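Working notes, beginning with the structure itself.
So you know, we letter chains A, B, ... as the sequences are listed, proteins then strands, and number each from 1. Because only heavy atoms are used, hydrogens play no part in the values below, and waters and symmetry mates are left out as well, while side chains stay in. None of the values given here were measured: they were computed from a predicted structure.
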Amino acid sequence: MLDIKYIRAEPEAVKAGAAKKRIPCDVDAILVLDKEVREMGIAIDEMRNRQKTASKKIGEAPAADRPKLAEEQKREKASLQDSEKEHAALQARLQEMLLRVPNVPAPEVPEGRDDSENVEVKRWGEPRKFDFEPRDHIALGELHDWIDVERGARIAGSRNYFLKGELSLLEGAVMRFALERMVKKGFVPMSVPTLVRREVMVGTGYFPGGEEQAYRCDERDDLVLVGTAEVPVTAYHQDEILDVKSLPRKYVALSSCYRREAGTYGKDTRGLYRVHQFQKVEQVVLDVADPAVSLAHHHDIVRNAEDVLQALELPYRIVNVCGGDLGAPQIQKFDIETWMPSRKGYGETHSASRFHEYQARRLNLRYRDAQGTVRVCHTLNNTVAASVRMLIALIENHQDRDGNVRLPKVLWPYMDGRERIGKSS
RNA sequence: GGAGAGAUGGCUGAGUGGCCGAUAGCGCCGGCUUGCUAAGCCGGUGUACUCCGCAAGGGGUACCGAGGGUUCGAAUCCCUCUCUCUCCGCCA
């Protein structure tokens with residue numbers, strides 16, 4: 001959420017930002033409503049002031065005079081209550097509108113309509129040239145009995161799956177490797193709730209707007225399954241005022257992630273590229289409200305992900321996500337796409353976002369700076385490793401002619417010392 | 001699931017209708033003091049919105065878990081919800 005004071009001061013910047021993101025937003029209507037709410041608030045404050053003063057006088061008056069004085073106050077009270085009711089309704093409407101105002105993208109965000117106009121900023125590693133016809137992950141899964149999508153669908157519906165045998169172990173190995181790598185860099189590991197209250201979804205910027213992508217419980221429990229550990233981790237310090245000396249806070253969490261993937265019917269239907277549930281290690285950074293500091297963190301969290309991909313010997317590229325492909329909350333986003341032979345291209349595996357105050361303001365997540373001033377934090381996050389897509393890349397890229405898979409050295413300790421997996425290894 | 005207790009400022013903890021945005025202690029910040037390992041003394045110390053002011057600063061309003069109600073007036077009375085704790089039951 002943007003600061004209403006910022007919207008008042010820079011309405012044109014907000015409009016331009018929304019236009020760049022291709023998100024409709026009636027800034028003028030917000031300003032009109034804001035003015036109305038504010039003027040009404042002043043009037044109500046004055047009415048309350050008169051009312052409080054009068055009440056105090058009644059308290060000081062001799063008991064005999066009180067009923068008469070109280071009678072007079074009753075009329076005042078009625079009109080105050082009407083105004084308060086109206087004011088509350090207007091405020092709620094304004095708040096609803098403010099929650100939908102998109103964050104203003106950074107100047108470095110490229111113009112563009114959709115992901116086809118994202119701008120590649122870096123490439124690492126050479127996609128491997130196979131001297132045999134490589135199998136895709138489904139074929140490899142069948143060969144080794146690693147993947148069962150049929151029973152997955154029978155038990156849990158489409159886009160659900162079982163991982164078995166070595167691939168199930170490999171999933172754990174990759175997650176554990178990614179987690180430990182981040183802990184070594186000073187990130188505090190966390191195990192987190194994946195079923196959260198709606199307000200946390202609002203606080204992190206997923207609601208309103210993203211309701212269709214989230215699973216929710218029925219009316220007995222008004223909870224939502226998170227699509228990423230970013231949600232509980234970023235909200236961890238909700239409503240707190242942190243000491244500036246305790247910043248930055250760097251957290252890393254492994255969690256299950258749940259996505260409805262509504263509106264993706266027919267898209268990526270083969271294989272495990274797009275699924276309803278997966279494991280992911282996520283990094284989250286909270287720090288002071290300084291754009292330069294945030295930018296530095298942004299580069300750091302991208303580096304952290306690159307570090308993991310390089311250790312796993314997977315070719316990737318980084319794209320600067322264009323305005324039209326950017327969500328409402330982000331200032332800027334870098335996606336990392338990893339080479340997947342079955343796609344004959346790069347597939348998104350990481351998403352590094354910088355939010356400035358957008359999430360923190362919604363979460364009421366603040367800090368007290370060295371001067372004692374209370375300010376809203378900045379937040380960022382990025383994937384470290386997301387399970388199924390990382391497994392697709394690993395087994396497809398590192399397969400041999402027989403369909404066995406060479407493991408990168410960094411995974412050996414997590415796979416009981418094994419250097420390869422597959423039938424003949 | 002049953003029975004009970006509770007939720008107050010960074011923390012502990014008073015407050016049962018007007019003198020309470022809230023006693024006190026601790027902590028923290030500033031100052032003073034004393035030669036003795038640290039203590040003592042004095043002062044300050046919530047957040048948000050808003051108005052006035054160039055500013056320093058000042059005024060108003062709201063907030064005592066959340067929401068509603070009673071009342072001229074609510075931290076205090078009533079209702080609903082959330083959360084915490086204790087005991088019993090059940091499950092792991």
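- B:C11 atom P lies 14 Å from atom CG of A:Asp243, rounded to whole Å.
- Atom CD1 of A:Ile58 and atom P of B:C19 are 13 Å apart (whole Å).
- Within 6.0 Å of CZ in A:Arg38 there are more than 12 heavy atoms belonging to other residues, nucleotides or ligands.
- Judged by distance alone, the side chains of A:Glu230 and A:Gln359 do bring a donor and an acceptor atom under 3.5 Å apart.
- Contact check on A:Glu240 versus A:Arg366 returns no salt bridge, with no Lys/Arg side-chain nitrogen under 4.0 Å from an Asp/Glu carboxylate oxygen.
- The gap from the C1' atom of B:C20 to that of B:G9 amounts to 13 Å, rounded to the nearest Å.
- Nearest-nucleotide positions on RNA chain B place A:Glu60 closer to the 5' end than the other of A:Glu71 and A:Glu60.
- Taking 4.0 angstrom as the limit, A:Lys57 places none of its side-chain polar atoms (N or O) nearer than this to OP1 or OP2 of B:G73.
- In this structure, CZ of A:Arg366 is placed 8 Å from C1' of B:A48, rounded to the nearest angstrom.
- With rounding to whole Å, A:Gln73 atom CD is found 17 Å from B:U70 atom C1'.
- The environment of A:Lys57 atom NZ is sparse: at most 12 non-hydrogen atoms of other residues, nucleotides or ligands sit within 6.0 angstrom.
- Within residues 80-93 of chain A, no residue places a heavy atom under 4.0 Å from RNA chain B.
- A:Thr234 places no side-chain N or O within donor-acceptor distance of the main-chain N or O of A:Val231, the cut-off being under 3.5 Å.
- With both ends at atom P, the span from B:A22 to B:G60 equals 12 Å, rounded to whole Å.
- For A:Asp239 and B:C83, the CG to C1' distance is 14 Å, given to the nearest whole Å.
- Residue A:Arg75 is classed as having no contact, given no heavy-atom separation below 4.0 Å to the nucleic acid.
- Heavy-atom contacts from other residues, nucleotides or ligands closer than 6.0 Å to OH of A:Tyr236 number 12 or fewer.
- Of the N and O atoms on the side chains of A:Tyr273 and A:Glu348, not one donor lies less than 3.5 Å from an acceptor on the other residue.
- Evaluated for a side-chain contact (heavy atoms from CB on, under 4.5 Å) with A:Leu80, the options A:Arg48, A:Arg50, A:Lys85, A:Gln73 yield exactly one hit, A:Arg48.
- Taking for each of A:Gly59 and A:Ile42 the nucleotide of RNA chain B with the nearest heavy atom, the 5'-most of the two is the partner of A:Gly59.
- A:Tyr6 has its ring centre no less than 6.0 Å from the ring centre of A:His356.
- Taking atom CD of residue A:Glu72 and atom P of nucleotide B:G73, one finds them 14 Å apart after rounding to whole Å.
- B:G6 and B:G65 have their P atoms separated by 14 Å, with the value rounded to a whole Å.
- Of the candidates B:U71, B:C83, B:U47, B:U47 carries the atom nearest the A:Arg368 side chain, counting heavy atoms from C-beta on.
- Residue A:Lys5 is classed as a sugar-phosphate contact, given heavy-atom separations below 4.0 Å to backbone atoms only.
- In this structure, A:Gln51 places its CD atom 13 Å from C1' of B:G18, rounding to the nearest Å.
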Each nucleotide in nucleotides 55-62 of chain B should get exactly one letter: B, S or -. Can you fill that in based on protein heavy atoms under 4.0 Å?
-----BSS
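- A side-chain donor-acceptor contact under 3.5 Å links A:Asn304 and A:Gln283.
- Counting only distance, with no hydrogens or angles, the side chain of A:Glu166 and the backbone of A:Gly422 share a donor-acceptor pair below 3.5 Å.
- Taking the C1' atom of each, B:U34 and B:G15 are spaced 39 Å apart, rounded to whole Å.
- Comparing the C1' positions of B:C63 and B:A7 gives an interatomic distance of 16 Å, to the nearest angstrom.
- Nucleotides B:A56 and B:G73, compared at atom P, are 37 Å apart to the nearest Å.
- B:A75 and B:U71 have their C1' atoms separated by 16 Å, with the value rounded to a whole Å.
- Atoms OG1 and CZ, on A:Thr204 and A:Arg362 in that order, are 8.0 Å from each other to the nearest 0.5 Å.
- Salt-bridge check for A:Asp148 with A:Arg151: passed, with a basic side-chain N closer than 4.0 Å to an acidic carboxylate O.
- Nucleotides B:U76 and B:C64 place their C1' atoms 10 Å apart, quoted to the nearest Å.
- Straight-line distance from the CZ atom of A:Arg66 to the P atom of B:G17: 13 Å, rounded to whole Å.
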Would A:Lys15 and A:Glu12 count as a salt bridge (Lys or Arg N to Asp or Glu O under 4.0 Å) if you check the C-alpha gap in whole Å, the side-chain angles of each, and the deciding distance to 0.1 Å?
CA-CA 5 Å; A:Lys15 287 180 197 173; A:Glu12 295 311 316; 3.3 Å; yes
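- The phosphate of B:C72 has OP1 or OP2 within less than 4.0 Å of a side-chain N or O from A:Lys74.
- Picking from B:U47, B:C83, B:C72 the nucleotide with the shortest atom distance to the side chain of A:Arg197 gives B:C83.
- For the strand RNA chain B, secondary-structure stems (runs of at least three Watson-Crick or G-U pairs, all distances below 3.5 Å) span B:1-7 with B:82-88, B:10-12 with B:24-26, B:27-32 with B:40-45, B:46-52 with B:57-63, B:65-69 with B:77-81.
- Nucleic acid contact for A:Arg8: sugar-phosphate only, since backbone atoms but no base atoms lie under 4.0 Å from a heavy atom of the residue.
- Nearest to the side-chain atoms of A:Lys56 among the listed nucleotides B:U50, B:C19, B:C72 stands B:C19.
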